[in-house]
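Before any comments, here is the structure.
Keep in mind that the numbers below use all heavy atoms, side chains included, and drop hydrogens, waters and symmetry copies.
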Amino acid sequence: MNTGGDYRDGLPSAMMPRMLDIEYREGDANDLSDLAARPTPVGLLSREMSGNLDLSPRYRDIMRPLGFRDELRVLLRDRHGAWGALVMGRGDDVPPFGSSDLAVAASLVQPLGAALRRLHLTRLAEESASAVAPGLALLDGDHQVVHVTPTVAMWFDDLAHANGVPSGGHGHGHGLPPAVYAVAAAVQAPGAAASHTSWMHSRRHGRVRLHAWRLDEPTTTSARTAVVVEQAGPAEHIALIVAAYGLTPRERDITALVLRGQSTADISRNVGLSPYTVQDHLKAVFNKTGVRSRRDLVAALFARHYSPDVAPAVSAPQRRTPSRPTAESG
């Protein structure tokens, strides 16, 4: 899900609560999940509103007061998934977005999406383990903080690129980072599931997992949502590795068994494929991850993504082409 972005120099802090409320609770045209379903994930707000921008709460409450005449959103993706987005506003003192602008935006979707995918792998390789305890925050129906555990201030500061949502009273003084607001709003939306899990990159602790639960039962406080923030674990890491390298579901399963030390014969029995088919899948994995053998695969994934605190950080791998990969039957 969308867990916010970099809001530095983006909006005045007084407007952030309303902006996030529209983005994650109220909804508006060109939601990023809607863009993801389009063949070309580019959306111009005026076009979606058929020229009547006053129908858009984002335009009425955010853009118009800031002097913007229109908004262009671009979802950055490649064939392996969506990896980021650009949100651009155009002021009243310049010409409106035109067809050529939309064409340029569409041309950026794949190359920038692929670049962000590689950046995710580089970031993952550079992460280090954290000994900081998870943080728990209880929020009321207006997403104001009513209770926090001691480490919440550190996690919130790590997640907030700039302006969080000001929290009211209660003596805590914490603001909600956009990512926390997003998961909290997700479980309070009409018809939503009672819990939601997402993740994002933090400034100092790498990938962070966020859990939110809707508190339907009466409590001794006004809390309606619980949010836990903690460092991401192996499950999130392998999910990112699989997506970023573009592994198919079958390649993912076989890679997981290789990491557990299983031989080609063992893998063949476990997945119901012939040894030759397993080797073909392994060769595809080697090609995508830039290694030449089973041992290289285990060493590379372990060093790059599972123990970066004890191994030197490396950049995303470059694909090798001179030598033909071998599957190794060991």
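Using a 4.5 Å heavy-atom cutoff, the side chains of Val74 and Met88 are in contact. Annotation: side chain of Val229 is not in contact with side chain of Val152 (no heavy-atom distance under 4.5 Å). Within the 4.5 Å cutoff, no side-chain heavy atoms of Val183 are placed close to those of His211. For the pair Leu139 and Leu176, the minimum side-chain heavy-atom distance is below 4.5 Å. Arg77 has its side chain within reach of Val109: a pair of non-hydrogen atoms, C-beta onward, lies under 4.5 Å apart. Taking 4.5 Å as the limit, every side-chain heavy atom of Leu45 sits out of range of all side-chain heavy atoms of Arg73. No side-chain heavy atom of Asp28 sits less than 4.5 Å from a side-chain heavy atom of Tyr59.
The one candidate from Leu75, Asp78, Leu112 that meets the side chain to side chain contact (heavy atoms under 4.5 Å, CB included) condition with Trp83 is Asp78. Screening Val271, Thr264, Val278 for a side chain to side chain contact (heavy atoms under 4.5 Å, CB included) involving Leu257 leaves a single residue, Val271.
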Side chain to side chain donor-acceptor pair (under 3.5 Å) evaluation trace for Asp266 with Ser263:
CA-CA 5 Å; Asp266 293 333; Ser263 67; 3.1 Å; yes
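Atom CZ of Arg47 is surrounded by 12 or fewer heavy atoms from other residues, nucleotides or ligands within 6.0 Å. Within a 6.0 Å radius of CZ in Arg60, more than 12 heavy atoms belonging to other residues, nucleotides or ligands are found.
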